[in-house]
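What follows is one structure encoded as structure tokens, with my remarks underneath.
Counting begins at 1 with the first residue of the sequence. Owing to the predicted nature of the structure, the values given are computational and were not obtained by experimental measurement.
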Amino acid sequence: MSTVNSVKKVLVATIQELSVGIGKRVKVEGIELALFKQEDHTIHAVENKCPHKGGPLSEGIVSGEHVFCPLHDWKVNVRDGQVQAPDQGCVNRYDVEIEGEQVYVFIE
């Protein structure tokens, strides 16, 4: 017998609620996410918790496709969730879909 993962498409914001270079904290299905709108108008969603000490990434400084954790300056790529060297680790990332002006995230 196999199990089927249940993925939910959840409305998390509107495009107007997001600003380039500023993270937005949202809570969905008990998961705290950080949303980031890039200069190319793509939107990315990652877990809002740095793997080092749990700092809120939504409050970090954004530079290009990276956010710097506000606690200890770890650099996390918002596109793939990877922590940049010399530090190590990653955060969960979530698929995003835009429909009109609405931003949806896919949660398992």
*asked:* Within the structure provided, determine whether Ile98 and Ile43 are in side-chain contact (heavy-atom separation under 4.5 Å).
replied: yes
*Out of curiosity, His44 NE2 to Leu18 CG, how far, rounded to the nearest 0.5 Å?*
11.5 Å
_How about CD on Glu39, more than 12 heavy atoms from neighbouring residues, nucleotides or ligands closer than 6.0 Å, or not?_
no
_Side chains of Gln38 and Glu65: any donor to acceptor distance under 3.5 Å?_
no
*Kindly confirm or rule out a cation-pi arrangement of Lys9 over Tyr104, judged by NZ or CZ under 6.0 Å from the six-membered ring centre and within 45° of its axis?*
yes
*Straight-line distance of Phe68 CZ to Gln84 CD, nearest 0.5 Å*: 9.0 Å
*OG/Ser6 to CD/Glu108 distance, rounded to the nearest 0.5 angstrom?*
8.5 Å
_4.5 Å side-chain heavy-atom contact, Cys69 and Leu57_ = yes
_Here's a test for you: under side-chain contact (heavy atoms from CB on, under 4.5 Å), which of Val10, Val26, Val28, Leu33 qualifies with Val105?_
Leu33
*How would you list all residue pairs meeting salt bridge (charged side-chain N to carboxylate O under 4.0 Å, His left out) that involve residues 47-56, not counting sequence neighbours?*
none
*Should we say atom CD1 of Ile15 is surrounded by more than 12 heavy atoms from elsewhere, each under 6.0 Å from it?*
yes
_Classify the ring geometry of His72 against His52: parallel below 30°, tilted from 30° to 60°, perpendicular beyond 60°._
perpendicular
_Is it true that, when you exclude Glu17 itself, more than 12 heavy atoms of the residues, nucleotides or ligands shown sit nearer than 6.0 Å to its CD?_
yes
*Check whether any side-chain heavy atom of Val83 lies under 4.5 Å from a side-chain heavy atom of Asn77, and answer yes or no.*
no
*Value rounded to 0.5 Å, distance of NZ in Lys8 from CG in Leu11*: 14.0 Å
_Are Leu35 and Ile107 connected into the same hydrophobic cluster when the rule is that any two of I, L, V, M, F, W, Y join if their side-chain heavy atoms are below 4.5 Å apart?_
yes
